[in-house]
Amino acid sequence: MSASTSPYDAVVIGGGFYGAVIALYLARQRGFSRVCLVEREHALLQRASYNNQARVHNGYHYPRSFTTAYRSRINLPRFVRDWPEAVKTNFIKLYAIARRNSKVTARQFERFCRETSAELERADASLRALFEPRLIEDVFLVREYAFDSSKLAAWAMREISEEGIEVRLRTRAETISQMPGDLLQTALRDADGKSSTLAARYVFNCTYSGLNQFGGDFPGTRTQLKQEVTEMALIKAPPELENLGITVMDGPFFSMMPFPSRSLHTLSHVRYTPHFHWNDERGIDPYARLSDYHRESRVDRMIRDVGRYMPAVYGAKYVDSLFEVKTVLTKNETDDGRPIFFERHAGLPRCFSVLGGKIDNIYDVLEKLDAEPLDAPVAPLQSTFSR
Ligand SMILES: Cc1cc2nc3c(=O)[nH]c(=O)nc-3n(C[C@H](O)[C@H](O)[C@H](O)COP(=O)(O)OP(=O)(O)OC[C@H]3O[C@@H](n4cnc5c(N)ncnc54)[C@H](O)[C@@H]3O)c2cc1C
């Protein structure tokens, strides 16, 4: 549609998990009848929402950020309730504490779990035997899950089409500009290079790594972002590790998590998963930077180091790597916290930028949206998100 025909209630840019859920929220909870979701890939949830570690966080990962731990504890049960078909619970999850170079000791970790009421049990001898005792101080059984991003994508596509939300795939939004009469214009370019514009009362920028790449009147985010090119190795775990998820805390260590959408495990290592990083700025297109990158895997180095702590990993078979740009708030570099960021742009007050940080933070974003007095074409139907 062109800017001259009747405007949309909202244009949502970015068809990842956040854009998809926000588009549905606007249609269902805010009564927006004309919503358009714009996505540059060929399908929904192809970028960070697929290329990640698939952990439904339950707080354990954040002993240095109480707020993130606390929000995870609240959001995990909601996520399991709302997306049960996409959550894998039937595996054993272990957190192990390294003896050296760890920012947390086993006793501190136990205390932290008590303070956040997170379930924790010492692992039995057979599970402890997987670890090298000279390097690992203690091993705990915890309650933490994995999500299946392909199932989330199928859910999103189904619900969006049932809701009558228009989806424009293989289409890139390039500029966001103010028009007369409180409308915003989003300029688009499709895969064939054809350009068009959409007029809307609101624009939601849910583009994760691409948040600051818009021209026009878009002012950029006030919050400083850091971009990191990451590699998660996909491995076929050996039988001893097949039914396990393992995280060694908290420092230059590793995680091995089930990756349900490929029936494999991801292996990530604090030293080798980040390949390089830069401070986000307009004009450095993160997607272009990643596609120009030579993507030489560091899986050998990951396995060599992980094997010192957990020798069974030498029996793993490397299958593939997921490369992605990970976007985090610069201010959380030291505490590893993952708060959301939600900005209504001062110079463009009907335009919002949203970054979730992790998948279960969707509830924190929806709470922020609930508090926004968006002038809806009809009265809000319900106050909370429901499927
Ligand atoms: C390596 C890694 C590991 C992670 N591990 C976990 C984990 O274990 N657990 C967890 O909860 N979270 C994890 N995360 C974070 C999680 O992946 C993100 O919080 C979440 O996926 C963000 O969803 P999103 O919809 O904002 O982003 P995305 O899924 O990236 O969606 C943004 C979409 O915008 C599109 N887009 C960008 N620019 C434009 C444009 N100009 N026009 C049109 N479309 C555009 C992109 O193609 C993309 O589809 C991890 C992230 C990474 C990278």
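Every number for a ligand or one of its atoms is a count from 1 in the order of the listing. Because the structure is a prediction, the values reported are computed rather than measured.
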- prompt: Is the closest heavy-atom distance from Leu45 to ligand 1 below 4.0 Å?
  reply: no
- prompt: Under 4.0 angstrom from ligand 1, any heavy atom of Gln213?
  reply: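 Outside the 4.0 Å threshold, so no.
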Identify the closest protein heavy atom to [atom]: which residue and atom is it, and at what distance?
atom: atom 29 (O) of ligand 1; answer: Ser49 OG, 2.5 Å
atom: atom 32 (C) of ligand 1; answer: Cys206 O, 3.4 Å
atom: atom 31 (O) of ligand 1; answer: Gly16 CA, 3.3 Å
atom: atom 33 (C) of ligand 1; answer: Glu39 OE1, 3.5 Å
atom: atom 34 (O) of ligand 1; answer: Gly14 CA, 3.2 Å
atom: atom 11 (O) of ligand 1; answer: Ile359 N, 2.6 Å
atom: atom 27 (O) of ligand 1; answer: Tyr208 CB, 3.2 Å
atom: atom 5 (N) of ligand 1; answer: Gln53 N, 3.2 Å

message: A quick test of your reading: do over 12 heavy atoms of other residues, nucleotides or ligands sit less than 6.0 Å from CD of Glu162?
response: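 Yes, the 6.0 Å shell around CD holds more than 12 heavy atoms from other groups.
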query: Quick check: are there more than 12 heavy atoms from other residues, nucleotides or ligands sitting under 6.0 Å from CZ of Phe342?
result: yes
query: Please walk me through it: do Ser49 and Ser149 pass side chain to side chain donor-acceptor pair (under 3.5 Å)?
result: CA-CA 7 Å; Ser49 296; Ser149 9; over 6 Å; no
Using distance alone, with no hydrogens and no angle criterion, decide if [X] and [Y] have a side-chain donor and acceptor under 3.5 Å apart.
X: Tyr60; Y: Asp250; value: no
X: Gln53; Y: Ser268; value: yes
X: Tyr287; Y: Gln213; value: no
X: Tyr62; Y: Asp335; value: no

Is it the side chain (CB and beyond), the backbone, both or neither of [X] that lies under 4.0 Å from ligand 1, heavy atoms counted?
X: Thr230; result: side chain
X: Gln46; result: neither
X: Tyr287; result: side chain
X: Ala54; result: backbone
X: His57; result: side chain

Out of [options], whose heavy atom sits nearest [atom]?
atom: atom 38 (N) of ligand 1; options: Ile340, Thr207, Leu152; answer: Thr207
atom: atom 42 (N) of ligand 1; options: Ser209, Gly357, Ala173; answer: Ala173
atom: atom 17 (O) of ligand 1; options: Gly356, Ser268, Ala48; answer: Ala48
atom: atom 43 (C) of ligand 1; options: Leu37, Asn52, Thr171; answer: Thr171

Under 3.5 Å, N or O to N or O, is [X] touching ligand 1 that way?
X: Tyr18; value: yes
X: Lys326; value: no
X: Glu41; value: no
X: Asp360; value: no
X: Phe17; value: yes

field: Sub-4.0 Å atoms of ligand 1 with respect to non-hydrogen atoms of Phe214
entry: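 So the answer, numbered in order with elements, is 41 (N).
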query: Which of the atoms in ligand 1, numbered in the order shown and given with their element, are less than 4.0 Å from a heavy-atom of Arg47?
result: 30 (O), 46 (C), 47 (O), 48 (C), 49 (O)
Salt bridge flag under 4.0 Å for residues [X] and [Y]:
X: Arg189; Y: Glu174; result: yes
X: Arg47; Y: Glu324; result: yes
X: Asp138; Y: Arg107; result: yes
X: Arg298; Y: Glu231; result: no
X: Arg34; Y: Asp9; result: no
X: Arg282; Y: Asp280; result: no

query: For residues 353-367, which residue pairs qualify under salt bridge (charged side-chain N to carboxylate O under 4.0 Å, His left out), counting only residues two or more places apart or in two chains?
result: Arg71-Asp364, Arg71-Glu367, Arg78-Glu367, Lys358-Asp360
message: Below 30° counts as parallel, above 60° as perpendicular, anything between as tilted: where do the rings of Tyr50 and Phe259 land?
response: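 If you compare the ring of Tyr50 with that of Phe259, the planes turn out perpendicular.
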